[in-house]
Each structure stands twice: as structure tokens, then as C-alpha cells.
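Heads up: the structure comes next, in C-alpha cells.
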Amino acid sequence: MRVRLLVGALALVGAAVAGCSSAAPPPAAAPTPAPSGTPAEQGVRGQITAETATTWTVTTAKGKAFTVTLGPRTVFGTKTAPATAAQFPVGTAVRVTGPRNGATVTATRVALGKAEPAPTAAPATPTT
């Protein structure tokens, strides 16, 4: 009986020791990067201020100019209102979607943007 108790106790202690280890735990997995289609900075909103066949300059309301690169996969308009590049002349307010690298955006979609409201003039003071 003592032998069985001793063997049982040793088996229990052995199982407990096997579960404990002095080795360091494996390092935590590196954080999963964002999917390639969603970079930290993406797209630009502004007004088209210059155009060539493959690039546009879009200037934001704060006056920062971005070069927008157009390619064969660039989609113009929206799903409900498709468009062509010709429908976006200089002066058009646009919303460009695509990865941004510095001041360059590789356009995946170009859609009409909301026009920035023009500054209102202060009312003139009448002189008498």
C-alpha cells in the first residue's frame, strides 16, 4: 500500500515538474501588419490644379500639392456613378483613394469631392 501511495505521489510530482520549465517562454508573435490595401496614410482630397495623361496635381484646402499617379487600374467615379478621366478637368474637387508615399498618391479610385466653400467677404461699412 505504501509503495502504491509513493508511486502515485511520484507520478503526481513528475507531472507537475514536467509542466514547469525554467526555459524562457517563446517570444510573443510580432504584431500583424495592416493589410497591404490599408496603409496608415491613404489618398488625398482637394482640387485638381494640373493634369497630364498619367499624373495630376491635387492641391488640398491647406495648399499642399500632391502628385496623383493614374494607372490602368485606376477607377473613376463610384459604383453607382461611374466616370472617365475626361470628366475630371482642372479645377474639379476630387477625392483620391490609394496608397500615399510622401506627396505622391497612387490612385486606385478618383471620385468627385465636395467643393471647399469660398471664403465669404465681410460686409462693407457704409460711408456717409
Side-chain angles (χ1 to χ4, degrees):
M1 178 94 157
R2 281 189 180 180
V3 175
R4 282 188 187 170
L5 186 58
L6 183 60
V7 171
L10 287 175
L12 185 60
V13 170
V17 170
C20 296
S21 173
S22 61
T32 305
S36 61
T38 57
E41 291 187 305
Q42 182 170 308
V44 64
R45 292 176 188 245
Q47 185 176 38
I48 300 171
T49 53
E51 290 182 333
T52 70
T54 58
T55 62
W56 293 351
T57 301
V58 174
T59 304
T60 67
K62 293 183 178 181
K64 185 170 181 181
F66 286 85
T67 299
V68 174
T69 304
L70 306 172
R73 293 188 177 200
T74 302
V75 177
F76 295 92
T78 63
K79 287 181 181 180
T80 58
T84 66
Q87 293 174 288
F88 294 89
V90 170
T92 304
V94 292
R95 181 181 70 240
V96 180
T97 305
R100 192 164 93 186
N101 185 4
T104 301
V105 178
T106 302
T108 55
R109 181 175 297 272
V110 177
L112 287 175
K114 294 181 182 176
E116 294 293 320
T120 56
T125 307
T127 56
T128 50

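Within 6.0 Å of CZ on Arg109 lie more than 12 heavy atoms contributed by other residues, nucleotides or ligands.
Shown here are the side chain to side chain contact (heavy atoms under 4.5 Å, CB included) partners of Thr108, two or more places apart in sequence or in another chain: Thr97, Pro99. Not counting sequence neighbours, the partners of Ala65 by the side chain to side chain contact (heavy atoms under 4.5 Å, CB included) test are Thr57, Thr59. By the side chain to side chain contact (heavy atoms under 4.5 Å, CB included) test, Ala83 pairs with Phe76, Gln87, Phe88, sequence neighbours left out.
Side-chain contact between Val110 and Leu70: present, with at least one pair of heavy atoms (C-beta onward) separated by less than 4.5 Å.
The two residues Ala93 and Lys114 come nearest to each other via the heavy atoms CB-O, 3.9 Å. Scanning both residues, Thr78 and Ala111, for their nearest heavy atoms gives CG2-CB, 4.2 Å. The shortest non-hydrogen separation linking Thr60 to Phe66 is CG2-CE1, 3.6 Å.
The CD atom of Gln47 lies 8.0 Å from the OG1 atom of Thr92; values are rounded to the nearest 0.5 Å.
Connection of Val44 to Val90 is established within a shared hydrophobic cluster, with ILVMFWY side chains joined at heavy-atom distances below 4.5 Å, either directly or through further cluster members.
A side-chain contact (heavy atoms from CB on, under 4.5 Å) with Val96 holds for exactly one of Thr69, Thr74, Val105; it is Val105.
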